[in-house]
Amino acid sequence: MRVGILETDETFAWQPLLAREADCRLRVDMRGLRYMSSRETLDLLVGRLKNFPAELVFLGSGNYHHLALPLITRRAAGGPVQVLVFDRHLDCFPPAQGYVSCGSWIGELVKHPAVQRVVVIGVAGKLPPLPARVQVITPGRWRSMLARRQSCWEALLGPAGIYVSIDKDVFSAPATDWGAGEMTVNEVFGFLRWCLEHRRVVGLDVCGELIPRGPWPAVEEQRLIAHHEKINLALCRLLKHAAGISRREGMPAGGR
């Protein structure tokens, strides 16, 4: 998989190893992207993304998770998809009229006819009413599924292509600007390995990077950013390794 960075702000200036790992970068210097975007702004972004070749895309902080929407719908244009979202929040809240926000984008996503279902994994706390085609798996239920891994995961995922969206606030560490969840990196990576071996993964995005509060990171922020970069690099290696195996065995990347 090709690795791409959407430069929505200066976040990745503090992750130089990831920047060198990227196959492509796109500076998105449009106004009205942080937290909430008008539909017109997202349409403009779709045009900017038209020739952006990355399958693994780093979005920046969790303030930009709604930018997953045009990335996913672009993949859905090629056929039915199932969407797996790792997030400690259920981003299905009602948006302001004419806008899509980092807290509402899943509700917009399920309106797309090619999106078969959206499974949100890692949500903590009381759940609001769920839109049709949205399923939630809490951290506790997830751990019970891990004990019966293959049978549960086979039942959860049908044959359609899979798109994965990760907000790193789902992890218990490192902390993000939106807090920390209850899942470990190893739990999520183990599931991704299974998906890459047994299903066709058509795309993946990641958000939840830590933004320094000042013009440069404080000492503790440097430590947390380094932890975030380590996770990002491990994810790049995981996906590129899976793609290399698929090419050697003569099969599509992410599926058998």
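The figures here come from the full heavy-atom set of this structure, side chains too, leaving out hydrogens, waters and symmetry mates. This structure is a prediction, so every number in the text was calculated from the model and none was measured.
Gln82 contributes a side-chain N or O that, together with a main-chain N or O of Gly158, makes up a donor-acceptor pair within less than 3.5 Å. In this structure a side-chain-to-backbone donor-acceptor pair under 3.5 Å is missing from Asn63 to Tyr35. With Gln222 contributing its side chain and Val219 its backbone, the two residues share no donor-acceptor pair below 3.5 Å. A donor-acceptor pair under 3.5 Å is formed between the side chain of Glu229 and the backbone N or O of Leu17.
Residues that satisfy the salt bridge (Lys or Arg N to Asp or Glu O under 4.0 Å) test with Arg25, not counting sequence neighbours, are Glu7. Listed by chain and residue number, nothing satisfies the salt bridge (Lys or Arg N to Asp or Glu O under 4.0 Å) test with Arg193 (two or more places apart in sequence, or in another chain). For Arg27, the salt bridge (Lys or Arg N to Asp or Glu O under 4.0 Å) partners are Glu10, not counting sequence neighbours. Residues satisfying the side chain to side chain donor-acceptor pair (under 3.5 Å) test with Thr176, not counting sequence neighbours, are none. For Ala175, the side-chain contact (heavy atoms from CB on, under 4.5 Å) test picks out no residue, with sequence neighbours left out. Listed by chain and residue number, nothing satisfies the side-chain contact (heavy atoms from CB on, under 4.5 Å) test with Ala13 (two or more places apart in sequence, or in another chain). In this view, Ala114 and Ala76, His112 satisfy the side-chain contact (heavy atoms from CB on, under 4.5 Å) rule, not counting sequence neighbours. Residues that satisfy the salt bridge (Lys or Arg N to Asp or Glu O under 4.0 Å) test with Glu55, not counting sequence neighbours, are Arg2.
Summarising the local packing, OH of Tyr99 is surrounded by 12 or fewer heavy atoms from other residues, nucleotides or ligands at distances under 6.0 Å.
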Set out, in order, the CA-CA distance, both residues' side-chain angles and the distance that settles salt bridge (charged side-chain N to carboxylate O under 4.0 Å, His left out) for Glu21 and Arg237, then state yes or no.
CA-CA 9 Å; Glu21 187 73 21; Arg237 289 193 295 269; over 6 Å; no

Using the rule given for side chain to side chain contact (heavy atoms under 4.5 Å, CB included), can you reason through Thr8 versus Leu59, listing the C-alpha separation, both sets of side-chain angles and the distance that settles it, and then say yes or no?
CA-CA 7 Å; Thr8 47; Leu59 302 176; 5.9 Å; no

Criterion side chain to side chain contact (heavy atoms under 4.5 Å, CB included) on Ile106 and Val83, from CA distance to verdict
CA-CA 10 Å; Ile106 290 177; Val83 181; over 6 Å; no

Given side chain to side chain contact (heavy atoms under 4.5 Å, CB included), test Leu204 with Leu192 step by step and report yes or no.
CA-CA 10 Å; Leu204 193 148; Leu192 289 177; 4.2 Å; yes

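When the options Leu235, Val164, Ile231 are evaluated for a side chain to side chain contact (heavy atoms under 4.5 Å, CB included) with Val206, the one that passes is Leu235.
Between Met36 and Ala96, the shortest heavy-atom contact is SD-CB, 4.1 Å. Contact between Leu90 and Phe93 at its shortest, heavy atoms only, is O-CE1, 3.2 Å. Taking all atoms of both residues into account, the shortest heavy-atom contact from Ser61 to Cys207 is O-CB, 3.6 Å.
Ser38 OG to Gln97 CD: the interatomic distance, rounded to the nearest 0.5 Å, is 13.0 Å. The CD1 atom of Ile211 sits 4.5 Å away from the OG1 atom of Thr11 when rounded to the nearest 0.5 Å. To the nearest 0.5 angstrom, Leu18 atom CG is 5.5 Å from Cys236 atom SG. His228 NE2 to Phe58 CZ: the interatomic distance, rounded to the nearest 0.5 Å, is 12.0 Å. We find the CZ-CD1 distance between Phe191 and Ile121 to be 5.0 Å, quoted to the nearest 0.5 Å. Note that the CZ atom of Arg117 and the CD atom of Gln135 stand 6.5 Å from one another [nearest 0.5 Å].
In summary, the side chains of His66 and Ser37 do present a donor paired with an acceptor at a separation below 3.5 Å, with no hydrogens or angles considered. Neither side chain, Thr184 nor Asn186, offers a donor N or O lying under 3.5 Å from an acceptor on the other.
Both Phe189 and Trp142 are assigned to one and the same hydrophobic cluster, defined by single-linkage of ILVMFWY side chains at heavy-atom distances under 4.5 Å. Taking hydrophobic clusters as Ile, Leu, Val, Met, Phe, Trp and Tyr residues chained together by side-chain heavy-atom distances below 4.5 Å, Val119 shares a cluster with Val201. Cluster membership check: Leu71 does not share its hydrophobic cluster with Val46, using side-chain heavy-atom separations under 4.5 Å among Ile, Leu, Val, Met, Phe, Trp and Tyr. Met183 is not connected to Trp178 by any chain of hydrophobic side-chain contacts under 4.5 Å among Ile, Leu, Val, Met, Phe, Trp and Tyr, and they are in different clusters.
A salt bridge (charged side-chain N to carboxylate O under 4.0 Å, His left out) check over residues 39-50, counting only residues at least two apart or in different chains, returns the pairs Asp29-Arg48, Arg39-Glu108. Within the structure, the salt bridge (charged side-chain N to carboxylate O under 4.0 Å, His left out) test picks out the following pairs touching residues 157-178 (sequence neighbours left out): Lys168-Glu209. Each salt bridge (charged side-chain N to carboxylate O under 4.0 Å, His left out) pair with one or both residues in residues 63-86, not counting sequence neighbours, would appear here, but there are none.
In this structure, Trp216 shares a hydrophobic cluster with Trp14, Leu210, Leu224, Ile225, the cluster being traced through Ile, Leu, Val, Met, Phe, Trp and Tyr side chains under 4.5 angstrom apart.
Side-chain contact between Leu49 and Pro70 is present, with at least one heavy-atom pair separated by less than 4.5 Å. The shortest distance between side-chain heavy atoms of Ile166 and Leu84 does not fall below 4.5 Å.
Taking the six-membered ring where tryptophan is involved, the planes of His65 and Trp105 are tilted, since the angle between them lies from 30° to 60°.
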